[in-house]
Amino acid sequence: MFGKLDIFQMAQSMASHAAFRQTAINQNIANADTPGYKALDTASFAQTYETQTGSPMHATRSGHLGFDATVRSEMAERSDPGVGSPNGNTVSIEDEMVTGVEVKRQHDLALAIYKSSLNIMRSSLGRG
């Protein structure tokens with residue numbers, strides 16, 4: 001009856017994006033003392049989701065129009081690296097910590113969306 005519901009796919013994509021972005025933060029922190037290392041980051045989830053699913057046509061089924069609801073991100077050198085160290089490294093531990101907190105909030109939000117949607121689904125089936 002229900003295929004894949006968009007809200008669950010979006011929540012899963014949001015959690016996956018947060019995990020991928022956390023990987024970039026971890027790499028930056030691990031290479032904080034590496035000479036010449038350029039800090040990596042990914043585009044925000046909102047930008048990535050809009051770019052990949054923002055077509056004017058709306059898919060009504062998962063196979064319709066070649067629709068794929070998974071959101072893919074790529075790591076790239078941070079566009080605004082800030083002030084680098086004398087050895088050419090652009091990683092700021094403080095910035096990475098702040099970004100890490102933002103990513104944790106994004107992941108927590110994805111889990112909250114998933115849990116809330118699941119509770120709504122259970123209630124609608126009379127199992128809430």
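For the numbers below, each heavy atom of this structure counts, side chains included, while hydrogens, waters and symmetry mates do not.
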Distance-minimising heavy-atom pair for [X] and [Y]:
X    : Y    : result
K38  : T90  : CA-OG1, 3.3 Å
D41  : R21  : OD1-NE, 2.9 Å
E96  : A39  : OE2-CB, 4.4 Å
I113 : A11  : CG2-CB, 4.0 Å
F45  : Q106 : CB-NE2, 3.1 Å

At what distance, to the nearest 0.5 angstrom, does [atom1] of [X] lie from [atom2] of [Y]?
X    : Y   : atom1 : atom2 : result
N31  : N26 : CG    : CG    : 11.0 Å
T99  : N28 : OG1   : CG    : 8.5 Å
Y37  : E77 : OH    : CD    : 9.5 Å
D108 : M14 : CG    : CE    : 10.5 Å
T34  : N87 : OG1   : CG    : 8.5 Å
Q9   : I7  : CD    : CD1   : 10.5 Å

In one Ile/Leu/Val/Met/Phe/Trp/Tyr side-chain cluster, 4.5 Å: [X], [Y]:
X    : Y    : result
V101 : I93  : no
L118 : L109 : yes
V103 : M97  : yes

Can you confirm whether [X] sits close enough to [Y] that some side-chain heavy atom of one is under 4.5 Å from a side-chain heavy atom of the other?
X   : Y    : value
Q22 : H107 : no
L5  : M121 : yes
E74 : F20  : no
M75 : T23  : yes
N89 : D33  : no

* Do Q12 and S16 have side-chain N/O donor and acceptor atoms under 3.5 Å apart? -> yes
